Colleague: 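This structure is in structure tokens; I'll ask about it shortly.
As the structure is a computational prediction, the values presented were derived from the model and not from experiment.
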Amino acid sequence: QVQLVESGGGLVQAGGSLRLSCAASGRTFSSYAMGWFRQAPGKEREFVAAINWSAGNTYYADSVKGRFTISRDNAKNTVYLQMNSLKPEDTAVYYCAAANTFTTMTPRYSYWGQGTQVTVSS
């Protein structure tokens with residue numbers, strides 16, 4: 001029903017910045033919340049940020065608050081994750097996901113992208 005494609009990952013030095021994009025297609029997203037998650041090797045997938053598609057409300061994990069910004073371009077059905085002041089511990093595969101409610105809980109997200117690798121070197 002919903003297709004999500006992430007892009008913008010890559011290799012960056014500590015302290016640098018990257019902007020991830022998530023392009024959504026397949027249906028209208030007026031009632032969907034969007035989230036970013038990440039998974040590092042040997043670790044569970046963790047919540048990073050979420051945004052309400054209609055109202056623009058946002059929520060961030062404590063580990064990224066003040067450094068990352070989630071935003072959206074409704075005309076393009078695209079969600080972004082601006083990542084500043086990157087740290088080596090931010091290294092992970094980053095996933096875009098869609099949910100029918102504004103939530104930080106992984107099981108509530110119904111649709112997932114394939115992920116994009118972010119590597120932060122020291």
Side-chain angles (χ1 to χ4, degrees):
Q1 296 288 92
V2 178
Q3 292 79 47
L4 305 173
V5 180
E6 303 97 333
S7 62
L11 175 65
V12 64
Q13 292 181 319
S17 299
L18 284 174
R19 188 179 74 163
L20 306 183
S21 298
C22 173
S25 63
R27 59 152 292 147
T28 180
F29 294 90
S30 60
S31 63
Y32 278 75
M34 303 295 295
W36 286 98
F37 295 78
R38 66 187 183 186
Q39 187 168 22
K43 299 180 67 176
E44 293 292 321
R45 189 169 299 184
E46 66 174 344
F47 169 79
V48 175
I51 186 167
N52 184 305
W53 197 261
S54 297
N57 297 326
T58 60
Y59 193 85
Y60 298 91
D62 289 340
S63 60
V64 306
K65 189 174 295 183
R67 299 188 298 120
F68 291 10
T69 302
I70 187 170
S71 62
R72 83 286 191 194
D73 185 334
N74 291 329
K76 298 180 179 179
N77 284 330
T78 301
V79 177
Y80 304 95
L81 185 68
Q82 179 67 46
M83 305 185 295
N84 298 326
S85 301
L86 283 162
K87 306 174 181 179
E89 48 264 49
D90 294 319
T91 295
V93 176
Y94 282 71
Y95 297 90
C96 178
N100 59 13
T101 59
F102 184 55
T103 179
T104 66
M105 302 178 68
T106 305
R108 298 290 196 272
Y109 286 82
S110 300
Y111 305 98
W112 295 83
Q114 66 183 33
T116 185
Q117 176 70 46
V118 172
T119 302
V120 184
S121 64
S122 59

Colleague: Any salt bridge (Lys or Arg N to Asp or Glu O under 4.0 Å) involving residues 42-53? Give me the pairs, sequence neighbours left out, ordered by first then second residue.
Modeller: R38-E46
Colleague: What residues form a side-chain hydrogen bond (donor to acceptor under 3.5 Å, both in side chains) with N84, not counting sequence neighbours?
Modeller: S17, Q82
Colleague: Determine the minimum heavy-atom distance between L86 and M83, stating which atoms define it.
Modeller: CD2-CB, 3.8 Å
Colleague: Apply the hydrophobic cluster definition, ILVMFWY joined by side-chain contacts under 4.5 Å directly or through others, and give me every member besides F47.
Modeller: F37, Y59, V93, Y95, F102, Y109, W112
Colleague: Who passes side chain to side chain contact (heavy atoms under 4.5 Å, CB included) against T78, sequence neighbours left out?
Modeller: S21, A23, K76, Y80
Colleague: Would you compute the distance between atom CG of L81 and atom OG1 of T116 and round it to the nearest 0.5 angstrom?
Modeller: 11.0 Å
Colleague: Apply the hydrophobic cluster definition, ILVMFWY joined by side-chain contacts under 4.5 Å directly or through others, and give me every member besides L11.
Modeller: none
Colleague: So, taking the atom named CZ in R108 and the one named OG1 in T101, what distance separates them when rounded to the nearest 0.5 Å?
Modeller: 6.5 Å
Colleague: With no hydrogens and no angle check, is any side-chain donor or acceptor of E6 less than 3.5 Å from a backbone partner on G115?
Modeller: yes
Colleague: To the nearest 0.5 angstrom, please state how far the CD1 atom of I51 sits from the OH atom of Y60.
Modeller: 7.0 Å
Colleague: Donor-acceptor pairs are to be reported for all side-chain atoms of residues 61-68 against protein atoms at under 3.5 Å, with residues two or more places apart or in another chain.
Modeller:
| unit_1 | atom_1 | unit_2 | atom_2 | d |
| --- | --- | --- | --- | --- |
| R67 | NH1 | S85 | O | 3.0 |
| R67 | NH1 | D90 | OD2 | 2.8 |
| R67 | NH2 | S63 | O | 3.0 |
| R67 | NH2 | D90 | OD1 | 3.0 |
| R67 | NH2 | D90 | OD2 | 3.4 |

Colleague: Please list all pairs meeting disulfide (SG to SG under 2.5 Å) that have one or both residues in residues 56-90, counting only residues at least two apart or in different chains.
Modeller: none
Colleague: Should we say atom CD of E89 is surrounded by more than 12 heavy atoms from elsewhere, each under 6.0 Å from it?
Modeller: yes
Colleague: Just jot down the side chain to side chain contact (heavy atoms under 4.5 Å, CB included) partners of A14, sequence neighbours excluded, or say none.
Modeller: P88, V120
Colleague: How long is the span from the CZ atom in R19 to the OG atom in S7, to the nearest 0.5 Å?
Modeller: 9.0 Å
Colleague: Heavy atoms, side chains only, cut-off 4.5 Å: are L4 and M34 in contact?
Modeller: yes
Colleague: Taking only residues two or more places apart in sequence, or in another chain, which ones meet S121 in a side-chain hydrogen bond (donor to acceptor under 3.5 Å, both in side chains)?
Modeller: none
Colleague: Side chains of Y32 and S110, heavy atoms from C-beta outward: is any pair under 4.5 Å?
Modeller: no
